[in-house]
Amino acid sequence: MNLTKLFEAQKELDLYIEQQHPVLPGEDRLSKKILALLVELGECANEWRGFKFWSNDQIAREFVPNPKDVCEKCKGLGMLDMEKEFTERRFCNECDGCGAHFHNPLVEEYVDCLHFILSIGNEIVGEIDDEEIGDILLNAKEEPGDIIGTFIVLCSNTVVLGFGNYYDYRDLLTIFLSLGYALGFTPEQIEQAYWEKYEINKQRQQNGY
């Protein structure tokens, strides 16, 4: 996994998003990213489903039917009411405005978290050298034995990111990558899924998301 390249790509995407949605005077965008990460971690856990002791359905949502199909509701356009002016159109709620169904909901939510983790790292840490990235990848190879506990630790560690401590951030990223491996993803799958969602996120900005 080329984490350096992912950090760079996320920085470019964040700059593009900021052009579309400029930071408002007094806005604490870092806090919003931290809250967004907490939300995405919850959504990732929801797709994993392993904590739902009250349900007989605890199978992770790893695939959906017709994986690469164009969305039937919007015909791949990502928007409804196409006969109306652009400002009056609605984003398709079936495909969330991307025009196609993502093939693996669990990994999609996982890389949604990764987008925010990379973005937060760029903001509070800045550039991480190759040696540090190598250490993070090396330490992340050991899979955590308790996925539920790992989700809880990640949420707890996310809360303190607002203090901008580099070591807290490094630990968070290491644990997060370990979670990915424990969920059954390879580094190659994570990177590929990141790029797929990266393109969707960029397209959403171009469509006025």
Side-chain angles (χ1 to χ4, degrees), residues 1-48 50-51 106-183 185-187 189-191 193-195 197-198 201:
M1 183 189 308
N2 191 336
L3 266 181
T4 300
K5 191 172 182 180
L6 298 188
F7 272 113
E8 293 172 352
Q10 189 62 45
K11 184 182 295 185
E12 292 179 3
L13 180 59
D14 286 343
L15 287 173
Y16 183 67
I17 291 173
E18 189 171 326
Q19 290 172 0
Q20 313 305 311
H21 305 277
V23 178
L24 301 174
E27 180 184 0
D28 185 354
R29 190 153 288 190
L30 176 59
S31 291
K32 291 182 177 180
K33 291 178 182 179
I34 290 172
L35 179 56
L37 176 54
L38 287 169
V39 171
E40 295 297 344
L41 284 168
E43 291 182 358
C44 183
N46 194 52
E47 296 294 352
W48 172 60
F51 66 96
L106 179 59
V107 77
E108 179 186 19
E109 296 300 342
Y110 180 83
V111 296
D112 279 348
C113 297
L114 181 57
H115 273 78
F116 284 111
I117 288 175
L118 294 172
S119 180
I120 291 168
N122 282 328
E123 185 163 344
I124 69 175
V125 177
E127 186 174 349
I128 303 178
D129 63 43
D130 291 340
E131 183 177 352
E132 286 286 351
I133 286 179
D135 287 341
I136 289 169
L137 291 171
L138 181 64
N139 292 329
K141 287 183 178 179
E142 184 177 352
E143 297 181 1
D146 179 7
I147 292 179
I148 293 174
T150 303
F151 270 114
I152 293 172
V153 168
L154 284 169
C155 289
S156 176
N157 288 10
T158 297
V159 171
V160 302
L161 285 179
F163 298 104
N165 186 300
Y166 167 72
Y167 295 102
D168 289 337
Y169 178 78
R170 185 183 64 181
D171 289 345
L172 176 85
L173 179 55
T174 303
I175 295 169
F176 179 74
L177 292 176
S178 296
L179 173 66
Y181 303 152
L183 292 174
F185 309 140
T186 66
Q189 283 178 305
I190 294 171
E191 187 166 5
Y194 173 87
W195 288 117
K197 197 59 187 286
Y198 176 94
N201 287 337

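For the numbers below, each heavy atom of this structure counts, side chains included, while hydrogens, waters and symmetry mates do not.
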Using the rule given for side-chain contact (heavy atoms from CB on, under 4.5 Å), can you reason through Cys44 versus Asp112, listing the C-alpha separation, both sets of side-chain angles and the distance that settles it, and then say yes or no?
CA-CA 9 Å; Cys44 183; Asp112 279 348; over 6 Å; no
Only counting residues at least two apart or in another chain, list the ones meeting ring pair (Phe, Tyr, Trp, His ring centres under 6.0 Å) with Phe51.
Trp54
Suppose we screen for side chain to side chain donor-acceptor pair (under 3.5 Å). Which residues come up paired with [X], at least two apart in sequence or across chains?
{"X": "Asn46", "value": "Lys52"}
{"X": "Lys11", "value": "none"}
{"X": "Tyr194", "value": "Gln10"}
{"X": "Glu123", "value": "Lys33"}

Flag yes if more than 12 heavy atoms outside Glu131 fall under 6.0 Å of its CD atom; otherwise flag no.
no
Just wondering, are more than 12 heavy atoms of other shown residues or ligands nearer than 6.0 Å to CD in Glu127?
no
Residue pair [X] / [Y], side-chain heavy-atom distance below 4.5 Å:
{"X": "Met1", "Y": "Leu177", "result": "yes"}
{"X": "Tyr181", "Y": "Ile190", "result": "yes"}
{"X": "Ile124", "Y": "Phe163", "result": "no"}
{"X": "Tyr110", "Y": "Trp48", "result": "no"}

Quick one: [atom1] on [X] to [atom2] on [Y], what's the gap to the nearest 0.5 Å?
{"X": "Asn2", "Y": "Phe7", "atom1": "CG", "atom2": "CZ", "value": "11.0 Å"}
{"X": "Ile128", "Y": "Thr4", "atom1": "CD1", "atom2": "OG1", "value": "8.5 Å"}
{"X": "Glu43", "Y": "Leu41", "atom1": "CD", "atom2": "CG", "value": "9.5 Å"}
{"X": "Glu108", "Y": "Lys197", "atom1": "CD", "atom2": "NZ", "value": "3.5 Å"}
{"X": "Ile147", "Y": "Leu183", "atom1": "CD1", "atom2": "CG", "value": "5.0 Å"}
{"X": "Leu15", "Y": "Glu18", "atom1": "CG", "atom2": "CD", "value": "6.5 Å"}

Which atoms form the tightest heavy-atom contact between Ile34 and Gly162, and what is the distance?
CD1-N, 3.4 Å
If you take all heavy atoms of Gly50 and Ile148, which pair is closest and at what distance?
O-CD1, 4.2 Å
Residues Asn157, Phe176; criterion side-chain contact (heavy atoms from CB on, under 4.5 Å); working and verdict:
CA-CA 10 Å; Asn157 288 10; Phe176 179 74; over 6 Å; no
Do side-chain atoms of [X] reach the backbone of [Y] as a donor and acceptor pair under 3.5 angstrom?
{"X": "Thr158", "Y": "Leu154", "value": "yes"}
{"X": "Gln189", "Y": "Thr186", "value": "yes"}
{"X": "Ser119", "Y": "His115", "value": "no"}
{"X": "Ser178", "Y": "Ala140", "value": "yes"}
{"X": "Tyr169", "Y": "Ile117", "value": "yes"}

Check the pair Leu6, Trp195 against side-chain contact (heavy atoms from CB on, under 4.5 Å), reporting the backbone distance first and the verdict last.
CA-CA 9 Å; Leu6 298 188; Trp195 288 117; 3.7 Å; yes
Could you check Asn165 against Val160 for side-chain contact (heavy atoms from CB on, under 4.5 Å), going step by step and ending with a plain yes or no?
CA-CA 8 Å; Asn165 186 300; Val160 302; over 6 Å; no
Can you sort out the partners of Asp168 under salt bridge (charged side-chain N to carboxylate O under 4.0 Å, His left out), two or more places apart, ordered by chain and number?
none
Going by an N to O cut-off under 4.0 Å, is there a salt bridge joining Glu27 and Lys32?
yes
